[in-house]
Each structure stands twice: as C-alpha cells, then as structure tokens.
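Comments concern the structure below.
In this text the structure is predicted, and so the values were computed from the model without any measurement.
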Amino acid sequence: MNHLNATSYGKQNMNSSRTYAYLRASTEEQNADRARNQLLEFATFHGIGISAFFVENESGAALYRPELMRLLDVAQKGDVLLVEQVDRLSRLDARNWETLTTMIKGKGIRVVALDLPTSHMMLKPGDEFTDRMMQAINGMMLDMLAAISRKDYEDRRRRQAQGIEQAKAAGKFKGRQVDNGLHERVLKLRAAGMSYTEIQQTTNAARSTISRILKSKSAD
C-alpha cells in the first residue's frame, strides 16, 4: 500500500523530533492498517504527534521494502520510527538485519516499538549519558527480538512446507486457490476508473495482486 500523505495527530512541540509510524502486513489477506489505532493511542498517551504513516503489504523478510525505504529517506537525525511490534519492522536474516540497523543508526533514527518497553524511553531524550545507555540497551533488545522474529518466520515456513509435502503425498494438495470474488471486484473497480491506490484502499489487496489480476485479464 502506498505512502499516505503526512498527517499530524495530537500536538508536537516546536523544535522537537518527528515521529513516523510504520505499518506492515505480509500478504493481501492481512490489513496493514489494523494497528493504526494502537499507535495513535500510544502516541496520545505519551503526548507526541505522528507526522506521517508509512503503510505497505510486504514481507518482513525483504530488506528493501518501498515504504520502509521511503521512511528512512525522509527521517532525520533524532526522529522516531514507531512500530507496533519489532516483527513489523523485521523478519530479516542476520546479514540483512545488520544492514538495516546500520542504515537506521547512520541516520540517527530512534526505533520505538509498542512491544519493547525499554524503547519507550527513547521518545524523550535525556542527558547524553542516559541516552547512550538507553540506546545500547534498546539496541540489544531489538537484536534479540529481531532474531526471535526471524526464527518464528523460518519455523512457520518449515511447517508450511512440511504440510504441503504431506498433502501432496496424500493426494490432497491443490495449491493456492484463486479468489474469484477479489478478481471480480478488482476488475470492476478498475473498469470504473479507479487507480491502483484506490483499489488497494477499497479491497486491502496488495499492489502486486492487483497488477497480477489486471495482467491476467489483459492476456485473456
């Protein structure tokens, strides 16, 4: 899903850092917007404003996600990257996680996750010593949760592969079934003149899915 226009929520003090929320879901069946209210409630509770939401349906195992890269390009030193859970930011392997954290640290961005309480202190920087201590602690915790997220990702993929092999052996595997209802909705919306972004917002389907449906229709 494409980047939403910058929208401010709550109050943000002059000369303070900006907070950018990142929302991600991995498939067209999931809605990346589901955590929006939780992030808004968190921001309100801590007295900060969210300058913009960056929303996309991409795998967390992919490093170069369009909206995440756009967020990192926009954010400046001292800004906050806010996520619901660490696994929304990463299900990366060790090498790609190191690349991502190097990019984040290089820009001086502070990562805050709702499921990582130690990171909440990063919202309001204190003196230099405290900041460095909290950054070190938060960095270690982020590394640990990112490793757990990767393991969960690999375990699920392994179980899925085993299930497929068992189904094949039993002659029950039919592969992924086409969602005819979604296909029909996408085609009708496109015929009505809707853009890809408008279709995404209406159906919650991934852009890649919409493109595949429209290409298949053109090939008919």
Side-chain angles (χ1 to χ4, degrees), residues 1 17-27 29-46 48 50-75 77-126 129-161:
M1 187 175 290
S17 63
R18 293 181 180 274
T19 297
Y20 297 108
Y22 177 66
L23 301 172
R24 180 192 68 78
S26 59
T27 69
E29 286 82 14
Q30 295 175 307
N31 183 355
D33 274 322
R34 62 186 170 72
R36 182 186 293 267
N37 289 337
Q38 288 179 280
L39 295 181
L40 285 172
E41 290 173 4
F42 176 85
T44 299
F45 179 81
H46 287 276
I48 61 173
I50 296 180
S51 296
F53 284 86
F54 291 78
V55 187
E56 63 187 347
N57 284 72
E58 299 286 345
S59 171
L63 172 59
Y64 292 101
R65 286 162 260 154
E67 294 307 306
L68 176 59
M69 294 300 109
R70 194 190 301 268
L71 187 159
L72 295 180
D73 182 58
V74 169
K77 182 177 181 179
D79 287 346
V80 171
L81 192 172
L82 179 65
V83 292
E84 176 200 11
Q85 297 176 338
V86 175
D87 66 5
R88 299 301 85 198
L89 179 62
S90 171
R91 289 189 181 275
L92 299 168
D93 59 25
R95 180 176 59 83
N96 282 323
W97 171 245
E98 182 177 357
T99 299
L100 179 58
T101 54
T102 297
M103 295 168 66
I104 291 172
K105 291 175 183 177
K107 295 208 66 174
I109 300 169
R110 292 172 285 150
V111 176
V112 176
L114 271 60
D115 66 338
L116 182 55
T118 58
S119 70
H120 301 178
M121 294 183 66
M122 304 293 287
L123 290 169
K124 297 179 180 179
F129 174 76
T130 301
D131 283 351
R132 289 183 64 183
M133 289 294 292
M134 290 309 304
Q135 286 172 4
I137 293 171
N138 198 44
M140 288 188 293
M141 295 298 293
L142 278 172
D143 286 344
M144 181 183 71
L145 290 179
I148 292 172
S149 295
R150 178 64 184 187
K151 184 178 185 302
D152 176 68
Y153 169 79
E154 291 176 339
D155 287 346
R156 287 191 295 107
R157 284 178 64 86
R158 183 172 58 254
R159 289 194 297 269
Q160 183 182 44

Please list, chain by chain and in numerical order, all residues satisfying side-chain contact (heavy atoms from CB on, under 4.5 Å) with [X], sequence neighbours excluded.
X    : result
K107 : Q76, I109
E154 : R150
Q135 : M122, D131

- [ ] State whether F53 and R36 meet the cation-pi test: NZ (Lys) or CZ (Arg) under 6.0 Å from the six-membered ring centroid, and within 45° of the perpendicular axis.
- [x] yes
Open item on the list: Between D73 and R70 (salt bridge meaning N to carboxylate O under 4.0 Å), is one present in this structure?
Closed with: no
Task: pair L142-T101: side-chain heavy atoms closer than 4.5 Å - done: no
Task: Any side-chain heavy-atom pair of L92 and Y153 under 4.5 Å - done: no
Rounded to the nearest 0.5 Å, what separation is found between the [atom1] atom of [X] and the [atom2] atom of [Y]?
X   : Y   : atom1 : atom2 : result
I50 : T44 : CD1   : OG1   : 7.5 Å
D87 : R24 : CG    : CZ    : 6.5 Å
L72 : Y64 : CG    : OH    : 10.5 Å

Open item on the list: Using the side-chain contact (heavy atoms from CB on, under 4.5 Å) definition, which of the options L114, V112, T118 pairs with L116?
Closed with: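 Exactly one candidate clears the test, T118.
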Open item on the list: Please determine whether side chain to side chain contact (heavy atoms under 4.5 Å, CB included) holds for the pair L82 and L123, giving the CA-CA distance in whole Å, both sets of side-chain angles, and the decisive distance to 0.1 Å.
Closed with: CA-CA 10 Å; L82 179 65; L123 290 169; 5.5 Å; no
Okay, side chain of [X], backbone of [Y]: is any donor-acceptor separation there less than 3.5 Å?
X    : Y    : answer
E56  : L68  : yes
S119 : A113 : yes
R18  : A75  : no
S90  : V86  : no

Open item on the list: Per the ring pair (Phe, Tyr, Trp, His ring centres under 6.0 Å) rule, what does the pair list look like for residues 101-124, sequence neighbours excluded?
Closed with: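 Counting only pairs at least two positions apart or across chains, the ring pair (Phe, Tyr, Trp, His ring centres under 6.0 Å) contacts touching residues 101-124 are F42-H120, H46-H120.
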TODO: Begin from the C-alpha positions of V74 and D79 and carry the test side chain to side chain contact (heavy atoms under 4.5 Å, CB included) through to its verdict.
DONE: CA-CA 10 Å; V74 169; D79 287 346; over 6 Å; no
- [ ] Give the intermediate values and the outcome of side chain to side chain contact (heavy atoms under 4.5 Å, CB included) for residues L100 and L89.
- [x] CA-CA 10 Å; L100 179 58; L89 179 62; 4.3 Å; yes
Open item on the list: side chain to side chain contact (heavy atoms under 4.5 Å, CB included), that's the test. Do I48 and V80 meet it? Break it down for me.
Closed with: CA-CA 11 Å; I48 61 173; V80 171; 5.9 Å; no
Task: salt bridge (Lys or Arg N to Asp or Glu O under 4.0 Å) partners of E98, counting only residues at least two apart - done: none
Open item on the list: On a heavy-atom basis, which atom in S17 and which in R110 lie closest, and how many Å separate them?
Closed with: OG-NH2, 2.9 Å
Task: Exercise: identify the closest heavy-atom pair between R88 and Y22 - done: O-CE2, 3.3 Å
Open item on the list: For M69, I'd like to know if atom CE has over 12 heavy atoms of other residues, nucleotides or ligands within 6.0 Å.
Closed with: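 More than 12 heavy atoms, drawn from other residues, nucleotides or ligands, come within 6.0 Å of this atom.
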- [ ] Apply side chain to side chain donor-acceptor pair (under 3.5 Å) to D152 and list each qualifying residue two or more places apart in sequence or on a separate chain.
- [x]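 Only R91, R156 meet the side chain to side chain donor-acceptor pair (under 3.5 Å) criterion with D152.
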